[in-house]
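The next block holds one structure in the form of structure tokens; read it before the comments.
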Amino acid sequence: MNRAVLLLRRRLLLHQSFGVRWFSSSSTSETRLIRNIGLVAHIDAGKTTTTERMLYYSGLTASMGEVHEGDTVMDWMAAERERGISITSAAAAIAWRRHRLNLLDTPGHVDFTFEVERSLSVLDGAIVILDGSAGVQAQTLKVWLQADRYQLPRLLYLNKMDKAGASVEGCLESVRRRLSVDTVLQLQLPVFNEEEGGGGGGGNSNQLLGLIDLVTGRLFQWPADHRLSEDGKRFNVEALLPETQEIEGGSKTEAFLEPSIRARLTERLLSGRERLIGQLADADETLTETVVLSDHSADHLAAHLPPPTLHAAIRRCTLSRRAVPLLLGSSYRNIGVQPLLDAVVHYLPSPLEATRARAVREAAKKMMAKDGADEDEALCALAFKSTTDRRLGPLTYLRLYAGRLPVTGQTSVVNVSRGAEMKESSSMEKITRVYRPFADHFADLGKEQQQQHSSFSSSSSFVSLGDIVVVSGLNSVRTGDTLLAEGAVSKQQQSSNLQQVPFAGIDVPEPVYYCALEAPSLSKMRQLEAALEQLTREDPSFQVVLADGEGGSGSGSKDRGAASANQIVVKGMGELHIEVGGGGVLGGNRPRITFYLENSRSSRTA
């Protein structure tokens with residue numbers, strides 16, 4: 001079966017499952033069940049592979065895509081599938097343990113760092129993925145610092161633990177040394193196939209078979225041949241400590257371990273649990289009090305401290321960023337993804353708990369309350385991404401920080417970020433439709449509400465604070481703009497610079513790579529300019545300078561010998577950024593391009 005047929009079948013499967021698994025965010029109680037998280041990492045650490053498993057195990061997709069096969073959901077662009085890398089951030093919402101997880105799969109290549117920046121600016125938590133054989137890499141450090149700026153709680157996921165050279169201790173050392181993290185809470189221990197001599201594992205005597213969960217005291221074991229595990233959906237679970245709770249996705253079975261192996265694994269569990277409790281007691285006052293007031297020995301606490309007590313302590317340490325939990329797995333081998341999803345639910349914050357989101361929400365409420373608006377109802381949202389869909393036209397990604405947004409009818413909003421530079425009539429726009437994003441698919445929530453297709457609760461007429469949605473109708477809104485409901489602020493405030501706006505926008509990095517574009521003919525010049533205008537609207541890290549030969553804003557091109565009357569200078573984050581990002585908008589009308597690297601005298605023509 002050829003690749004085109006496979007992609008068509010996959011798209012049909014997506015349509016069958018898309019649009020029927022969404023929560024309605026109609027109340028504060030349901031906002032508590034939202035997790036807005038991003039997957040960030042160095043290139044090729046396994047972000048997209050991990051996301052594909054999350055989509056599949058949650059039931060949102062009927063099959064798992066593979067990066068090397070070019071059929072993943074999240075890498076939907078042709079250039080992404082051809083190159084095997086993520087170029088743009090992709091969004092999806094999944095259901096897990098009665099929570100909704102709004103996922104953003106971000107690029108790992110340094111040229112697309114702005115995609116990571118604008119994604120992290122609206123998220124409440126992040127999963128930082130490491131290659132188990134490489135540890136902290138260059139872009140890992142970059143995304144870690146970006147997450148620090150937005151005060152995001154994080155989980156560390158040590159992926160590719162099946163690779164030769166993978167080392168938990170080596171990665172822990174690199175995390176402490178390069179990321180300056182004092183307390184890393186290792187929540188799992190790897191179980192390899194050493195004891196059974198590689199039986200069923202293709203001869204690999206050090207093959208990853210399972211994980212010991214230090215919190216619940218359970219062993220999760222997957223088949224040695226991942227092709228026999230029903231894509232990792234079902235796995236064996238054996239309690240090394242007394243049973244406490246069910247694990248979603250696992251199969252409760254009779255004891256399957258030999259007594260000698262069970263005894264050895266239990267010894268490892270107790271040793272690791274004692275170490276974890278000691279770390280938590282040092283970082284969390286509540287658990288410190290529990291341990292100090294206990295009359296039991298450390299050995300007894302390691303064996304009997306209830307998992308809910310540990311869950312609560314880990315959550316407090318994670319939300320306060322006093323510690324970072326570490327989980328293990330091999331996403332490609334379908335090992336460890338379900339426990340990772342459980343950790344997202346247990347330890348990462350809801351929109352009501354996230355430090356930055358809470359500060360923004362309170363600032364927005366105070367500003368709107370001064371003008372008599374109902375701060376609990378009035379909308380306040382940040383536009384963090386713009387794109388153009390062939391069928392739906394211009395679309396804007398919004399994160400709601402206050403109030404609620406109707407999913408039916410039209411909603412008038414004020415772009416307070418640009419009110420001073422735009423005419424009053426231009427700063428007012430109408431949201432015409434509200435969508436739930438799923439990579440390059442969009443579910444119309446208004447139609448779902450009318451058809452009552454919500455599978456979790458009664459159909460809701462509103463999307464409320466904390467949610468991430470896509471809307472149409474906002475043709476003038478740019479990345480980083482703040483939107484308020486009509487009437488939430490006075491006209492006097494709209495005409496001012498609005499110093500009280502609770503957002504400072506999104507930082508756009510300075511370009512390091514330049515190229516001169518020359519239209520193939522004068523008749524194509526207008527088309528080129530229109531394409532570049534769309535490009536800069538969708539990606540502000542692209543900068544366009546008209547090379548009119550008169551200096552001013554075009555002086556950057558003059559320094560590089562590009563001040564021809566028919567040339568336009570484009571600045572970006574790298575050659576790949578300009579080549580791939582620009583190619584997506586310019587399409588088949590490829591202009592003549594000359595590339596220039598910042599602080600370099602060399603150039604080349606493409």
Side-chain angles (χ1 to χ4, degrees), residues 42-44 75-90 106-119 138-139 142-143 146 385-388 478-480 506-521 524-548 553-606:
H42 188 84
I43 189 170
D44 201 32
D75 285 349
W76 56 270
M77 295 174 60
E80 291 178 311
R81 289 174 170 172
E82 290 171 2
R83 296 171 182 266
I85 62 171
S86 296
I87 292 171
T88 184
S89 57
T106 66
H109 195 286
V110 65
D111 279 16
F112 307 105
T113 187
F114 180 69
E115 283 291 323
V116 181
E117 184 76 24
R118 63 177 168 189
S119 296
Q139 195 65 6
K142 173 68 174 177
V143 299
Q146 287 175 300
K385 183 175 180 177
S386 298
T387 188
T388 302
R478 301 296 183 95
T479 296
I506 299 173
D507 291 334
V508 180
E510 288 296 321
V512 297
Y513 211 85
Y514 295 64
C515 77
L517 306 181
E518 186 173 348
S521 65
K524 296 288 186 181
M525 191 66 176
R526 183 169 296 180
Q527 295 180 21
L528 176 59
E529 290 176 350
L532 290 173
E533 182 179 357
Q534 176 187 335
L535 179 60
T536 55
R537 179 177 183 270
E538 296 183 0
D539 186 353
S541 61
F542 272 98
Q543 297 180 20
V544 177
V545 181
L546 296 177
D548 53 13
S553 62
S555 59
S557 61
K558 289 179 68 179
D559 294 340
R560 292 161 180 81
S564 168
N566 293 332
Q567 284 184 342
I568 297 175
V569 174
V570 175
K571 306 177 182 181
M573 302 308 300
E575 180 177 344
L576 186 62
H577 181 217
I578 293 176
E579 181 182 347
V580 175
V585 173
L586 299 174
N589 298 320
R590 298 289 296 181
R592 183 178 180 272
I593 303 177
T594 301
F595 294 95
Y596 298 89
L597 180 63
E598 175 73 332
N599 298 326
S600 174
R601 296 181 180 178
S602 63
S603 67
R604 72 176 183 81
T605 301

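The first residue of the sequence shown is numbered 1, and numbering continues consecutively from there.
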Contacts of type side chain to side chain contact (heavy atoms under 4.5 Å, CB included), residue Arg478, not counting sequence neighbours: Arg418, Asp481, Arg537
To the nearest 0.5 Å, tell me how far His109 NE2 sits from His42 NE2. 9.0 Å
In Å and rounded to the nearest 0.5 Å, what is the CD1 to CG distance from Ile87 to Asp539? 11.5 Å
Testing the basics here: between Ser86 and Pro107, what is the closest heavy-atom pair and its distance to 0.1 Å? O-CB, 3.2 Å
Partner set under side chain to side chain contact (heavy atoms under 4.5 Å, CB included) for Thr113, not counting sequence neighbours: Gln139, Lys142, Gln146, Pro509, Met573
Once you measure the plane-to-plane angle for Phe112 and His577, does it fall in the parallel (<30°), tilted (30-60°) or perpendicular (>60°) bin? perpendicular
Find out whether Thr479 and Phe114 are in side-chain contact, i.e. whether some heavy atom of one side chain is under 4.5 Å from a heavy atom of the other. yes
Carefully, step by step, assess Leu535 and Val544 under the rule side-chain contact (heavy atoms from CB on, under 4.5 Å). CA-CA 9 Å; Leu535 179 60; Val544 177; 5.9 Å; no
Would you say Tyr514 and Ile578 make side-chain contact, with heavy atoms under 4.5 Å? no
CG/Asp111 to OG/Ser541 distance, rounded to the nearest 0.5 angstrom? 9.5 Å
Glu538 and Thr387: which non-hydrogen atoms are nearest, and at how many Å? OE2-C, 3.6 Å
Glu117: which residues meet the salt bridge (charged side-chain N to carboxylate O under 4.0 Å, His left out) condition with it, sequence neighbours left out? Arg149
So which heavy atom on Arg118 is nearest to which on Pro540, and how close? NH1-CD, 3.8 Å
Presence of salt bridge, Lys385 and Glu115, under 4.0 angstrom: yes
